[in-house]
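Everything below concerns the one structure shown next.
The structure presented is a predicted model; accordingly, all values stated were derived computationally and were not measured. Proteins get letters first, then strands, A, B, ... in listed order; numbering begins at 1 in each.
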Number of protein chains: 2
Amino acid sequence: MATGRAGSGRPTIYHVAKEAGVSPSTVSRAMSNPGRVNAATVARVIEAATRLGYRTNPLARALPSGRTDTLALFVSDITNPHFFGVIRGAEHQARAAGCTLIVGDTEESPEVEARNIERLGPSVDGFVIAASRMSDEEITKLSAGHRLVLVSRQVAEVPSVIVDHAEGTRQIVEHLASLGHRSIVFLAGPPRSWLGARRWESLTAAAGRHGVSAQRIGPFPPTLAGGGAAADAALGTGATAAVAHNDLLAIGVLRRCAERGVAVPEDLSVVGYDDIFGADFCSPPLTTLAGQFQESGRTAVDMLLAMRDRHGARPARNQVVLPSHLAIRRSTGPAPR
Amino acid sequence: MATGRAGSGRPTIYHVAKEAGVSPSTVSRAMSNPGRVNAATVARVIEAATRLGYRTNPLARALPSGRTDTLALFVSDITNPHFFGVIRGAEHQARAAGCTLIVGDTEESPEVEARNIERLGPSVDGFVIAASRMSDEEITKLSAGHRLVLVSRQVAEVPSVIVDHAEGTRQIVEHLASLGHRSIVFLAGPPRSWLGARRWESLTAAAGRHGVSAQRIGPFPPTLAGGGAAADAALGTGATAAVAHNDLLAIGVLRRCAERGVAVPEDLSVVGYDDIFGADFCSPPLTTLAGQFQESGRTAVDMLLAMRDRHGARPARNQVVLPSHLAIRRSTGPAPR
DNA sequence: AAAGTTTTGGCAACCGCTTGCCATGCGCTG
DNA sequence: CAGCGCATGGCAAGCGGTTGCCAAAACTTT
């Protein structure tokens, strides 16, 4: 009968201490601060520990030391494949550093974010918040009481890692302009998305420079299903190219176009953001701005760990911007005449 | 400067106790066992707590009580989109139950699985292990010392939830047979995969009943890239239909076929397992056995929680089998003559 | 050889919360 | 009105580690 719970006879440092003929504090030191103890004693302790099958209890260790070797990652919507890259990267890096990763879904809600941070605060060494929906003020406030690293979001003074949007979006517009497109429609995502706002901002700027007109419609839920409505709305605008908030939406547009007999890219070019799983094998394969999101997760975890270990000292690189590149595939083509 | 660490001035039950004019133990009871305390006192304590912004420290609570309200989920390869369903389902259900979820990648390694369980044992209330690569014996042994629920794996006496394979595979074979296929090739996945073994088992059984010949080739890594080699090998066998270990592999096959100018389904029918994200918009859309993996995650968490709360009493449903259904799409068609 | 350093290990006080046990005081029964 | 039981709150001992401080031991240094 599975118990494994407290009092489960799992050996403690006290058992090891008796077995090795030393005091518990020596065992503790031997395990976590070997420099402080004579090498021979350490060896004896280690030997006793392995003999007994001792494993240190992370909880008990964390309580007095305040160090949990656990990191939390919150994503705004765990349903969105975009975040899988971030999750993977973070998980991988955390594991490499001997840390455990907690993954949470905040369901697009700033309240859930704040509540979770408050709740988990003492249990983790820090938080990675991807695509936070909280306000700048709230983030700043929370970052005063907790170690926080933002992903896909920038707030002054708060460490963050984002994928370059300005340059990437410029490439999208250039690509489209060179194909003869003169009218672009942007399919907006969630209203609270900082990233979405930046993408639109960059798009209008770049469009202006290239003499291309850009309009925004939406918001649409950033999902495959949302792409249906987005496609219909986009087709109504007369634009020859649609730039979607993200790939999910873009692929949804692709599907809706296929249903309606609208040829992509002959009738409409479609561009997405993120290069998610599937973007290269949907039909037609999607032209999209590929960001290194796995790298984002990794970097964010690194920064968090650095903050923890350098204990308060401001990290060297506080606001990281990762490069992006345009993956040109078959969903974009010459503008219809 | 973000600290938020121990000694961070976060109020404790002692502060609340003083504020409310009661003893710490009363505060503790008021928070976690209100029946034991006079209602008026509880109200006073609650009020003091909110006034101070008190939040209970999960670590400190877990240490003496042995209850962490945290669950761990391990997947054999976090890179595989198949698991995203499980992760989502588990995360969602855990959150609904007020639990925190730890997600870990065991990298197809039984050792990593065992080590992680050992390490995290005291920090969690139980484990969900998806597609465990451990041996039956090892699982049985571990399940004696920890609360364990298996997903996509069955071991006698250990709680588990799987998606039906026998019936589903029968449907695949029937579908193929009715399209005139007489020779099927199974593209095997990882050698240690229990699920893979069951699928192949069911396939030969069903094929036998329908007078269809079935052969197995592989193993192939269950990835898109693995599909390239698998496709080439499959085409060499002369079979008219390929059933892949999973959708990742199947989509890889689709891509390779497209590259080689092999028409799907005209020259070769392709079937996958899992109905992952993308299976419905790849080209051609993939016929696949859809399982309710999100439901698997949810159910597994439910079982775990039930085990914890009914404290050792054997769960009512110990080995859950979820239904599957064949999603027939365009990657299968009549056998070439 | 005496005095001064450094190592090394033990003591005991925590970290913040839970819980078994006891003392109090009240309401009730007879 | 004595006697009893129960609801209520406090005390204190943990849970399994960490760590500041001190004393003994082992080395150096004059």
Side-chain angles (χ1 to χ4, degrees), chain A residues 3-45 48-49 52-70 119-123 125, chain B residues 3-45 48-49 52-70 119-123 125:
Chain A
T3 65
R5 288 270 40 79
S8 62
R10 200 168 154 129
T12 72
I13 51 167
Y14 294 90
H15 299 136
V16 178
K18 191 181 300 171
E19 177 82 6
V22 297
S23 88
S25 44
T26 304
V27 175
S28 172
R29 291 198 184 96
M31 311 293 309
S32 48
N33 186 5
R36 184 66 178 64
V37 171
N38 185 296
T41 313
V42 170
R44 197 144 43 88
V45 170
L52 261 46
Y54 167 81
R55 332 245 61 180
T56 156
N57 179 333
L59 247 52
R61 171 203 288 248
L63 191 47
S65 72
R67 168 169 177 151
T68 62
D69 281 329
T70 300
R119 195 173 72 88
L120 252 44
S123 313
D125 290 346
Chain B
T3 66
R5 290 268 40 80
S8 63
R10 201 171 155 128
T12 72
I13 50 168
Y14 293 91
H15 300 135
V16 177
K18 192 181 300 172
E19 178 83 6
V22 297
S23 88
S25 43
T26 303
V27 176
S28 172
R29 291 200 183 93
M31 312 293 309
S32 48
N33 186 5
R36 184 66 180 62
V37 171
N38 185 296
T41 313
V42 170
R44 198 144 43 87
V45 169
L52 261 44
Y54 168 80
R55 333 245 60 180
T56 154
N57 179 333
L59 247 52
R61 172 203 287 249
L63 191 47
S65 72
R67 170 169 176 153
T68 62
D69 281 327
T70 300
R119 194 173 73 88
L120 252 43
S123 314
D125 290 346

For this session: Would you kindly give the CE-to-P distance between M31(A) and dG16(D), to the nearest whole Å?
Result: 16 Å
Exercise. Rounded to the Å, how far apart are I13(A) CD1 and dG9(C) P?
Worked result: 15 Å
For this session: Just jot down the side-chain contact (heavy atoms from CB on, under 4.5 Å) partners of S28(A), sequence neighbours excluded, or say none.
Result: S32(A)
For this session: Could you tell me whether the side chain of T68(A) and the main chain of S123(A) form a donor-acceptor pair under 3.5 Å?
Result: yes
Problem set entry | Reported OG1-to-CZ distance for the pair T56(A) and R10(A), which is rounded to 0.5 angstrom | 8.5 Å
Seminar exercise, completed: Contacts of S25(B) meeting side-chain contact (heavy atoms from CB on, under 4.5 Å) (sequence neighbours excluded), chain-then-number -> S23(B), R29(B)
Exercise. For the helix from dA1(C)-dT30(D) to dG30(C)-dC1(D), what angle lies between the axis at the first five pairs and the axis at the last five pairs, to 10 degrees?
Worked result: 40°
Exercise. Given dT18(D), is OP1 or OP2 found less than 4.0 Å from the side-chain N or O atoms of R61(A)?
Worked result: yes
For this session: Quick one: label V22(A) by what it contacts on the DNA or RNA (base, sugar-phosphate, nothing), any heavy atom closer than 4.0 Å.
Result: sugar-phosphate
Exercise. Does T12(B) make a side-chain N or O approach to OP1 or OP2 of dG16(C) shorter than 4.0 Å?
Worked result: no
Exercise. What's the CG-P distance between L52(A) and dG16(D), to the nearest Å?
Worked result: 14 Å
For this session: Please round to the nearest 0.5 Å and tell me the distance separating atom CZ of R55(B) and atom CG of L120(A).
Result: 12.0 Å
Problem set entry | N/O (side chain, T41(A)) to phosphate O (OP1/OP2, dG9(C)) under 4.0 Å | yes
Seminar exercise, completed: Across all chains, not counting sequence neighbours, the side-chain contact (heavy atoms from CB on, under 4.5 Å) partners of N57(B) are P122(A), L59(B), A60(B)
Problem set entry | Rounded distance in Å - CG (N38(B)) to C1' (dG27(C)) | 14 Å
For this session: Grab the CG-P distance between L59(A) and dG16(D) for me, whole Å please.
Result: 11 Å
Problem set entry | Minimum-distance nucleotide to P64(B) side chain [options: dT8(C), dC15(D), dT8(D)] | dC15(D)
Problem set entry | Distance below 4.0 Å between N57(A) side-chain N/O and dG17(D) OP1 or OP2 | no
For this session: Ignoring hydrogens and angles, answer whether the base of dG16(D) and the side-chain atoms of Y14(A) contain a donor-acceptor pair closer than 3.5 Å.
Result: no
Exercise. Taking only N and O in the side chain of S28(A), is any of them less than 4.0 Å away from OP1 or OP2 of dG17(D)?
Worked result: no
Exercise. Once you round it to whole Å, what is the distance between C1' of dG16(D) and NZ of K18(A)?
Worked result: 15 Å
Problem set entry | Residue V37(B), side-chain atoms from C-beta onward, closest of dG9(D), dG9(C), dG16(C) | dG9(D)
Problem set entry | OP1 or OP2 of dT19(D) under 4.0 Å from side-chain N/O of S65(A) | no
Seminar exercise, completed: Rounded to whole Å, CG of N33(B) lies from C1' of dT18(C) at a distance of 10 Å
Exercise. Residues two or more places apart in sequence or in another chain: which of them pass side-chain contact (heavy atoms from CB on, under 4.5 Å) with N38(A)?
Worked result: A40(A), T41(A)
For this session: Determine: side-chain N/O of T26(B) to OP1/OP2 of dG10(D), distance under 4.0 Å, yes or no.
Result: yes
Problem set entry | salt bridge (Lys or Arg N to Asp or Glu O under 4.0 Å): pairs with one or both residues in residues 13-27 of chain B, sequence neighbours excluded | E19(B)-R51(B)
Distances for protein N or O near nucleotides 20-25 of chain C N or O, under 3.5 Å:
from, atom 1, to, atom 2, distance (Å)
dG20(C), O6, R29(B), NH2, 2.4

Problem set entry | Atom-to-atom span, CG of L63(B) to P of dC17(C) - whole angstrom | 12 Å
Exercise. With sequence neighbours excluded, what pairs up with R119(B) under the side chain to side chain donor-acceptor pair (under 3.5 Å) test?
Worked result: T100(A)
Seminar exercise, completed: Residues Y54(A) and I13(A): closest non-hydrogen pair is OH-CG2, 3.4 Å
